[in-house]
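Just so we're clear, the structure is a prediction, and the values are computed from it rather than from any experiment.
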Amino acid sequence: MADVFFAATSTAVTFASAVASVAASTAADATAAIGSGLSTGSLNLQLNAASIAPEAAVLIALLVCLLVDLAGEKAASRWVPPICYGGLGSALVLLALQWNSAPEPSFLGAFLADNLAIAMRSVVAASTLISLLLSWRYVERSGTPVGEYAAILLAATLGGMVLCGATDLISIFISLETLSVSSYLLSGYMKRDARSSEAALKYLLVGSAAAAVFLYGASLLYGLSGGATSLDAIAIALRTSDTPITALALVFVLATVAFKIAAVPFHQWTPDVYEGSPTPVVAFLSVGSKAAGFALALRILVGCFESFDAQWKFLFTVLAVLSMVLGNVVALAQTSMKRMLAYSSIGQAGFVMIGLVCGTEDGFSAMVLYIAAYLFMNLGAFACIILFSLRTGSDRIADYAGLYQKDPLITLGLSLCLLSLGGIPPMLGFFGKIYLFFAGWADHQYLLVVVGLLTSVISIYYYISVIKMMVVKESQEASDVVKNYPTISWNVAGMQPLRAALVGCVVVTAVGGILSSPLFNWANSTVAGTPILQQAIASSGAIPLG
């Protein structure tokens with residue numbers, strides 16, 4: 001324990017000194033810029049602070065939540081939800097207003113609000129908004145402070161949104177740690193639950209190791225580039241640097257990305273954290289954190305390691321195959337809904353990696369499309385699980401037996417979302433998967449497509465097993481939990497937002513597949529408005545499917 005304490009203390013001191021040196025160097029750069037004749041107006045143009053207006057809205061909501069929380073739990077329960085809705089709603093509106101605008105570097109090149117950043121920030125903000133709708137009843141019933149919970153979740157959102165557009169090693173690390181530390185706190189938020197504390201500890205230990213690995217890889221990139229932290233400068237330097245040190249830096253950076261998206265073999269934290277954490281927190285981690293991780297993968301691998309394209313694509317091919325196989329096969333043996341969805345999310349990450357490995361216009365578009373589809377179908381499934389847990393206190397799959405007799409809404413909603421996750425037409429998930437497989441086949445990624453098709457069949461088996469458990473079981477075969485199912489009531493505080501989120505996600509999942517043309521256009525516009533993706537497409541010489 002003493003060694004752990006001293007190691008943690010040493011790490012904290014190192015982080016503090018690093019942040020202090022970064023702040024000092026930034027201040028010195030700004031002072032030097034003004035001293036060399038750069039006017040305040042020109043400096044404001046280089047800062048381009050309007051690009052982070054959505055993050056500013058989230059930050060203001062976070063601070064107001066903390067202030068309201070000081071007034072007491074009664075005031076917080078009343079005012080925190082509308083404050084969060086206002087902040088996240090404003091952020092989504094501001095992101096919509098930025099859409100298709102000319103991407104200009106912000107904060108001296110540390111942030112870029114291109115269409116990729118806008119799309120992924122929208123997914124992160126939307127996942128937080130839906131997660132909060134699912135949270136109010138859950139948090140209030142657990143007896144934990146609402147204001148603190150909302151503030152920490154908004155802090156994680158802030159880190160994830162900045163990470164989506166970060167183009168500098170320093171801004172990447174700060175936003176990555178903001179997201180990670182907030183996630184550790186959220187995982188252990190149910191202090192009275194031993195499983196929640198265990199999940200937080202495991203997440204903290206593995207996440208700290210991943211942060212150390214990223215820092216070491218970033219230090220190697222810093223040295224190879226001659227002291228630059230900008231991804232553009234590093235990309236230029238790496239074009240003429242083909243050394244073992246560069247390969248080592250690539251492996252370290254790729255390990256960090258794989259940890260964030262829970263790809264095998266960096267997935268060990270996922271099942272335990274998903275099972276022990278509060279379910280609304282798991283809902284956010286499964287979508288918001290993953291979206292930020294894939295944005296980081298595109299930003300740093302496609303934009304920075306373009307000269308090592310073949311190497312990192314080969315490594316990601318291996319990760320994708322392992323993730324699809326292990327995630328979907330191990331999910332077959334799970335008895336807990338949260339652990340099943342944990343392994344399912346590992347498999348889903350493998351599907352998304354098909355688009356990343358392709359590196360074509362269709363591959364990138366399919367990747368963005370599937371992440372957006374995953375937002376609704378996965379959060380819809382978690383909404384049903386939360387509602388069932390609130391009414392029964394159970395998470396076991398066997399306890400869902402015969403549920404259609406007592407709760408048709410959960411049965412219908414969970415069935416549609418699971419069918420969509422499995423890729424059954426005409427659900428939204430089917431069109432997302434078929435687009436990924438088409439893009440992979442056109443790019444001759446036959447291994448990934450075949451493995452994806454086979455593991456999709458496996459996933460359909462365990463998804464339909466849950467549906468069969470709910471629908472096919474007769475009244476005499478119903479579980480004891482369902483036989484003692486409480487009377488359904490929506491008049492309790494926090495239940496109306498939960499129902500709204502559940503119905504909204506299920507409707508989009510069911511109807512979105514039939515009316516998917518706007519979503520396809522949005523995904524294509526995301527790729528068309530992102531310079532680094534266009535450069536990667538041009539260098540590969542790929543021709544889109546049309």
Side-chain angles (χ1 to χ4, degrees), residues 54 92 95-104 112-127 164-165 287 290-299 301-303 306 309 313 348-349 351-377 420 423 425-445 448-449 452 508-509 511-546:
L92 289 170
L95 286 168
L97 294 176
Q98 290 182 355
W99 186 250
N100 276 334
S101 59
E104 296 180 3
L112 182 65
D114 53 15
N115 276 8
L116 174 65
I118 296 170
M120 292 301 186
R121 289 152 76 199
S122 301
V123 171
V124 174
S127 68
C164 292
V287 178
K290 262 190 171 57
F294 277 110
L296 173 62
L298 288 170
R299 192 73 65 187
L301 293 175
V302 175
E306 59 176 331
D309 190 69
K313 283 186 177 180
Q348 299 290 342
F351 294 134
V352 178
M353 281 190 274
I354 296 176
L356 183 61
V357 171
C358 290
T360 61
E361 184 172 354
D362 291 299
F364 292 138
S365 297
M367 183 181 173
V368 174
L369 174 68
Y370 197 78
I371 290 173
Y374 188 64
L375 164 70
F376 294 103
M377 54 191 183
S420 183
M427 303 297 171
L428 183 57
F430 167 77
F431 291 95
K433 276 189 180 178
I434 207 71
Y435 195 11
L436 279 169
F437 294 155
F438 274 142
W441 196 264
D443 194 50
H444 310 295
Q445 303 292 339
L448 288 176
V449 174
V508 173
T509 299
V511 180
I514 302 170
L515 306 175
S516 57
S517 181
L519 199 56
F520 275 91
N521 294 334
W522 174 77
N524 291 331
S525 297
T526 299
V527 178
T530 306
I532 60 167
L533 299 184
Q534 289 300 311
Q535 291 172 11
I537 294 166
S539 62
S540 67
I543 301 174
L545 293 173

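- Side-chain contact between Val368 and Phe294 is absent, with no heavy atoms from C-beta onward closer than 4.5 Å.
- Atom CZ of Phe351 is separated from atom CE of Met353 by 10.5 Å, given to the nearest 0.5 angstrom.
- One distance of note links CZ of Arg299 with CG of Leu112; it measures 5.5 Å at 0.5 Å rounding.
- Taking both residues in full, the closest heavy atoms of Ala439 and Cys358 are given as O-SG, 3.6 Å, listed atom of the first, atom of the second, then distance.
- A donor-acceptor pair is defined here as one N or O able to donate and one able to accept, closer than 3.5 Å; no such pair exists between the side chain of Ser516 and the backbone of Leu519.
- A distance of 10.5 Å separates CD1 in Ile514 from CG in Leu428, rounded to the nearest 0.5 Å.
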Original post:
Is there a side chain to side chain contact (heavy atoms under 4.5 Å, CB included) between Ile532 and Glu306 once you walk through the steps?
Top reply: CA-CA 10 Å; Ile532 60 167; Glu306 59 176 331; over 6 Å; no
Original post:
side chain to side chain contact (heavy atoms under 4.5 Å, CB included) between Ser122 and Trp99: does it pass, once the steps are laid out?
Top reply: CA-CA 11 Å; Ser122 301; Trp99 186 250; over 6 Å; no
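- Using a 4.5 Å cut-off on side-chain heavy atoms (C-beta onward), Thr526 and Met120 make no contact.
- Rounding to the nearest 0.5 Å gives a distance of 7.0 Å between OG of Ser101 and CG of Asn115.
- Considering CD1 of Ile118 and CG of Asn100, their distance stands at 7.5 Å, rounded to 0.5 Å.
- Heavy atoms only, all atoms of each residue included: Gly429 and Met377 are closest at CA-SD, 3.7 Å.
- Between Ile371 and Ala291, the shortest heavy-atom contact is CG2-CB, 4.1 Å.
- Of the candidates Tyr370, Trp441, Phe520, Tyr435 forms a ring-ring contact (aromatic ring centres under 6.0 Å, His included) with just one, namely Phe520.
- Looking only at side-chain heavy atoms (C-beta outward), Val527 and Gln534 come within less than 4.5 Å of each other.
- Minimum heavy-atom separation, Gly423 to Phe430: O-CD1, 3.3 Å.
- Residues Ile537 and Phe364 meet the side-chain proximity criterion, which asks for heavy atoms closer than 4.5 Å.
- The shortest side-chain heavy-atom distance between Met367 and Leu298 falls under the 4.5 Å cut-off.
- Using a 4.5 Å heavy-atom cutoff, the side chains of Ser420 and Phe376 are not in contact.
- Annotation for Ala113 and Arg121: closest pair CB-NH1, 3.8 Å, computed over non-hydrogen atoms.
- Side-chain atoms of Thr530 do not come within 3.5 Å of backbone N or O of Asp114 as any donor-acceptor pair.
- Summarising the geometry of Gly440 relative to Val449, their closest heavy-atom pair is C-CG2, 3.7 Å, with the distance given to 0.1 Å.
- Distance NZ/Lys313 to CD/Gln445: 7.5 Å, rounded to 0.5 Å.
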